[in-house]
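Notes to accompany the following structure.
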Amino acid sequence: MVARVFRADLKKELTPWTDALRMLEARLRNLQRPGRTFRIGRHHYDIGDDLFSRMLDRRMIYSCAYWKDASTLDEAQEAKLDLV
């Protein structure tokens, strides 16, 4: 990737004027506004516990598990908690 960046010779492509225009466009078209971020988070995560209770362990831990000596998700999550 680094070699491709150097071969692209971005100095010719980026001038202070075009940089300013790109930064302005990024500000005007930024889809990561706090209000929108909150709406997207609510849409994805405020869906009740039915789904999460089916895919998570009994404690509803939403992170990776440690499966080395575990045969169930509950055991793997317990092992992860012990490890941490």
Side-chain angles (χ1 to χ4, degrees):
M1 183 187 109
V2 173
R4 291 184 80 173
V5 169
F6 284 125
R7 279 195 307 255
D9 197 15
L10 296 178
K11 289 179 187 176
K12 288 191 285 185
E13 299 295 324
L14 302 175
T15 63
W17 178 248
T18 59
D19 289 344
L21 288 176
R22 288 178 183 160
M23 288 180 3
L24 179 61
E25 180 185 23
R27 289 274 186 190
L28 294 174
R29 296 185 60 202
N30 186 1
L31 297 178
Q32 298 177 16
R33 295 181 302 275
R36 184 171 189 275
T37 303
F38 182 77
R39 281 195 322 269
I40 290 171
R42 187 174 53 217
H43 174 76
H44 283 29
Y45 295 104
D46 291 351
I47 58 176
D49 288 343
D50 292 340
L51 171 66
F52 296 112
S53 65
R54 287 184 175 96
M55 67 181 215
L56 302 176
D57 69 317
R58 64 183 167 80
R59 291 184 177 150
M60 306 256 297
I61 297 175
Y62 198 79
S63 68
C64 63
Y66 184 65
W67 288 93
K68 183 178 179 195
D69 297 318
S71 59
T72 68
L73 180 58
D74 283 326
E75 290 174 1
Q77 289 291 18
E78 189 74 29
K80 190 254 325 259
L81 293 173
D82 289 342
L83 185 65
V84 172

Taking the inter-plane angle between the rings of Tyr45 and Phe52 on a 0 to 90° scale, is it parallel (under 30°), tilted (30 to 60°) or perpendicular (over 60°)?
parallel
Taking atom OH of Tyr62 and atom CE of Met60, what is their separation to the nearest 0.5 Å?
10.5 Å
Non-hydrogen atoms of Tyr66 and Ala70 that approach each other most closely:
O-CB, 4.1 Å
Gap separating the CZ atom of Arg59 from the CG atom of Leu81, nearest 0.5 angstrom:
5.5 Å
Between CZ of Arg58 and CD of Glu78, what distance do you get to the nearest 0.5 Å?
6.0 Å
Over all heavy atoms of both residues, which pair between Leu56 and Ile61 is shortest? Give the atoms and the distance, please.
CD2-O, 3.5 Å
Which distance, rounded to the nearest 0.5 Å, do you find between the OG of Ser63 and the NZ of Lys80?
2.5 Å
Let me confirm one number: the CD-OG1 distance from Glu75 to Thr72, rounded to the nearest 0.5 Å.
3.5 Å
Look at the side-chain heavy atoms of Ile, Leu, Val, Met, Phe, Trp and Tyr, link any pair under 4.5 Å apart, and say whether Ile47 and Met55 land in one connected group.
yes
Do Leu83 and Trp67 share a hydrophobic cluster, counting only Ile, Leu, Val, Met, Phe, Trp and Tyr and linking them when any side-chain heavy atoms are less than 4.5 Å apart?
no
